[in-house]
Amino acid sequence: MSNNKTTGIWKVISASSMGTMIEWYDFYIFGSLATLLSTKFFPPENPTAAFLSTLATFAAGFVVRPFGAIFFGRLGDLIGRKYTFMVTLLLMGGATFLIGCVPAFETIGYFAPFLVLVLRLLQGLALGGEYGGAATYVAEHSPNDRRGFFTSWIQTTATLGLFISLIVIYITRHSLSKEDFTDWGWRIPFWVSIIMIGISYVIRRNMHESPVFTKVKEEGKVSTNPLKESFGNKLNFKYVLLALFGATMGQGVVWYTGQFYAMSFIEKTISVDKDIADNIMLVSLALGTPFFVLFGWLSDKMSRKWIMMLGMFLAIIAYRPIYTSMYESGSEKSMKKLGNTLVMDSCKVIGSSVADIKTEADKKDPSIKKTKILVATKSDSLYNTGAKFHYTVTDTLYAANAIEFDAKANAKNEVWIKYATKKDTVVTINTIKLKNSLKKDEKPAKVDTLAAVTLATFTEGPGSKHHPTGVSVKHGVEVVKNITDDVKWHLIWMVLIQVLFVTMVYGPIAAFLVEMFPAQIRYTSMSLPYHVGNGIFGGLLPAVATFLALNAKKANDIAKEAGTALPFDKPYLEGLWYPIIVAAVCLVIGVVYLKSDDKNVHD
Amino acid sequence: MNQIKRLLGIVWIAIGAVSVYYLFINQALGMWKAGGEKLVPAIIYTFVLCPLIAYGLFKFGSYCLSGEYDDK
């Protein structure tokens with residue numbers, strides 16, 4: 001029927017892809033703005049709100065998506081692909097728009113986190129139903145010899161959705177003042193969604209039902225109970241399990257490692273500034289996205305199965321070298337080797353007082369770091385520096401992920417600062433006495449002067465603790481690194497390689513899954529393994545990987561205290577065992593059990 | 001090849017059992033004890049992830065053992 005008929009296929013692809021991309025966009029903006037949203041809806045000092053926040057993250061990301069796959073998959077096999085994925089589109093768009101309208105916690109109290117949680121769950125349900133519908137719809141319009149190529153456009157949407165969410169947030173953030181963005185501007189990316197959804201709805205409304213489903217309907221072969229036929233019938237259920245354990249499970253962890261764990265590793269483990277980390281991800285994704293289509297196209301010429309298996313195999317053997325290289329590129333040793341001057345020029349200070357730390361390498365001897373510390377007090381709306389200190393430290397202060405910074409002044413106006421440094425995995429607590437560099441009778445500088453001489457961002461937030469003298473407070477200081485272009489491009493290439501693995505396993509998988517199941521139960525049967533593989537095995541990756549890495553670090557700390565040999569040579573790599581093991585199991589199952597391609601969708 | 005497919009069924013069942021032991025004993029129990037923010041992941045580990053892996057890999061391994069995936 002559709003074998004030699006590609007007329008109008010691009011209309012089908014663009015209508016399906018645009019809607020799916022918008023759904024991913026909607027899903028990602030919540031994650032990208034999570035830190036800000038938590039201050040609006042889930043104040044951390046409130047345990048109930050914090051609980052709802054965790055529920056919103058875990059439930060929507062992991063649990064609800066497979067339920068959405070089952071619910072909408074069933075609907076898609078009963079009433080058709082077109083109407084079902086129009087419902088998911090509207091559901092997602094409505095939920096996203098409404099998240100942007102919910103008043104903050106301080107206005108309506110517990111209703112705020114509760115409403116956001118409900119809307120976030122609806123987002124997860126909609127996403128669970130969308131992908132299977134779009135992939136099935138395009139696949140059933142495609143000729144057998146080009147299905148991989150045509151469905152690969154659907155595969156680009158998840159990455160494009162992430163890409164566009166980062167861009168929209170970036171533009172909004174930089175078009176408004178920081179205060180406006182924090183106050184109300186963050187709502188704009190949510191509101192933008194309704195416009196995109198409206199356009200996509202109009203386009204989809206004018207599309208025809210899938211020819212394969214229409215034929216099934218005409219022949220009276222529509223399943224009366226797709227859930228029972230998919231999961232209650234051994235003949236079908238064994239393929240659902242095979243699709244999960246032999247394809248989507250490994251694909252999910254490769255995807256989450258390349259796109260999300262890499263981002264978290266750059267930001268948190270290497271401590272690169274968030275804007276730079278976002279930039280690295282954007283460039284890598286932009287360079288890597290065309291490869292989804294390339295591998296989709298290649299899967300029409302070769303075997304889909306073997307392209308996906310090769311992607312998994314390469315990921316398994318390359319992850320540890322890639323992450324070692326990423327880690328070392330951001331280390332002190334490598335920076336010195338590259339001849340760069342390390343400048344830690346950005347720090348966030350959380351507290352009611354203002355402080356700035358500026359550390360830079362000595363020009364003559366880069367091993368000496370000069371740290372300038374400014375401490376200021378706040379009186380009404382004016383910031384005044386209460387003291388100005390200079391201190392030279394030789395510790396690798398810039399290598400710290402988080403520095404506990406505690407300044408205390410005694411009666412003699414001597415200020416003691418307690419801080420922590422981190423070198424590799426070893427955290428050392430230091431106490432230093434600072435000399436007040438203000439001359440006698442010298443007036444403290446005002447905030448304008450302070451701002452002019454520093455590059456720091458001053459942020460007031462929860463957790464501030466006033467000292468009785470009013471001079472010292474406890475600050476939470478987050479130190480981030482500005483990196484050189486050489487290091488930045490090195491990180492871009494390293495992430496790009498991982499994105500290429502993602503494109504190998506993800507590019508051909510829509511066509512592969514569609515071809516595994518019969519038309520009557522296709523929507524239901526392919527959606528569930530996809531969302532369990534990605535939502536649960538992939539979505540769990542950050543939590544498990546972080547747990548493994550922290551355990552390794554803890555074991556090293558204990559061994560160090562006990563004076564015994566460190567059990568882990570590179571604890572920061574331990575988190576990778578999760579994707580490596582899951583992908584390895586999936587690879588073996590896929591190689592042994594998955595059949596070579598059956599490129600027929602009319603069975 | 002069919003013989004290998006069947007024998008590997010034992011491996012998948014074993015991996016399922018080991019994974020559940022690791023996830024439940026090593027992680028979920030600790031989360032239940034910690035409470036607070038850890039409660040949600042504990043619920044998900046206990047009632048979603050562990051049953052899914054245990055049942056899924058057991059069923060998959062059983063199908064392998066009974067020759068469901070044999071080449072005809």
Side-chain angles (χ1 to χ4, degrees), chain A residues 42 44 47-67 117 231 234-246 249 528-529 532-533 535-537 539-540 542-544 546-548 551 577-578 581-582 584-586 588-589 591-596, chain B residues 1-20 22-32 34-72:
Chain A
F42 307 106
T48 310
F51 176 81
L52 291 173
S53 167
T54 319
L55 203 61
T57 308
F58 278 84
F62 303 157
V63 185
V64 173
R65 277 170 58 184
F67 283 107
L117 171 65
F231 310 122
K234 188 163 83 174
L235 195 66
N236 289 320
F237 187 55
K238 71 178 185 183
Y239 286 112
V240 171
L241 288 175
L242 185 55
L244 170 63
F245 294 121
M249 177 174 83
L528 188 72
V532 171
I536 294 185
F537 285 99
L540 196 71
V544 177
T546 307
F547 173 83
L548 292 172
N551 260 8
W577 284 119
Y578 174 73
I581 290 170
V582 172
V585 170
C586 187
V588 175
I589 292 176
V591 167
V592 175
Y593 297 97
L594 282 182
K595 291 207 169 91
S596 292
Chain B
M1 190 63 184
N2 283 345
Q3 201 61 25
I4 295 171
K5 284 183 177 181
R6 289 183 181 213
L7 284 173
L8 278 173
I10 300 166
V11 177
W12 311 133
I13 293 171
I15 288 178
V18 171
S19 305
V20 169
Y22 172 77
L23 288 171
F24 186 70
I25 304 293
N26 275 11
Q27 293 211 33
L29 277 185
M31 289 172 183
W32 280 110
E37 278 184 32
K38 299 277 181 189
L39 209 56
V40 177
I43 293 167
I44 292 170
Y45 272 50
T46 308
F47 298 109
V48 178
L49 201 63
C50 291
L52 177 85
I53 293 177
Y55 178 75
L57 278 175
F58 175 78
K59 204 72 186 165
F60 180 69
S62 307
Y63 285 157
C64 296
L65 279 171
S66 61
E68 288 291 333
Y69 297 108
D70 284 1
D71 292 323
K72 305 294 178 196

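In what follows, chains are A, B, ... by sequence order, proteins preceding strands, each numbered from 1.
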(message) Looking only at heavy atoms and a cut-off of under 4.5 Å, which of A/Ile589, A/Leu242, A/Val588, A/Val585 has the most pairs with chain B?
(response) A/Ile589

(request) For B/Lys59, check salt bridge (Lys or Arg N to Asp or Glu O under 4.0 Å) against everything at least two apart and list the hits. (result) none

(message) Tell me which of these, B/Ile4, B/Ile15, B/Leu52, B/Asp70, has more heavy-atom pairs under 4.5 Å with chain A than the rest.
(response) B/Leu52

(message) Which one wins on heavy-atom pair count under 4.5 Å against chain A: B/Leu57, B/Val48, B/Val11?
(response) B/Leu57

(message) To the closest 0.5 Å, what do you measure between CG (B/Leu65) and NZ (B/Lys5)?
(response) 13.5 Å

(request) Give a yes or no answer on whether the side chain of B/Asn2 reaches the backbone of B/Asp71 with a donor-acceptor pair at less than 3.5 Å. (result) yes

(request) List the steps and the verdict of side-chain contact (heavy atoms from CB on, under 4.5 Å) for A/Tyr593 and B/Tyr63. (result) CA-CA 11 Å; A/Tyr593 297 97; B/Tyr63 285 157; over 6 Å; no

(message) Counting only non-hydrogen atoms closer than 4.5 Å, does A/Val532 touch chain B with its backbone (N, CA, C, O), its side chain (CB onward), both, or neither?
(response) side chain

(message) Is A/Ile581 in contact with chain B via its backbone, its side chain, both, or neither, using a 4.5 Å heavy-atom distance?
(response) neither

(request) May I ask you to decide if the ring planes of B/Tyr69 and B/Phe60 are parallel, tilted or perpendicular, using 30° and 60° as cut-offs? (result) tilted

(message) Please classify the contact between B/Phe47 and chain A as side chain, backbone, both or neither, with a heavy-atom cut-off of under 4.5 Å.
(response) neither

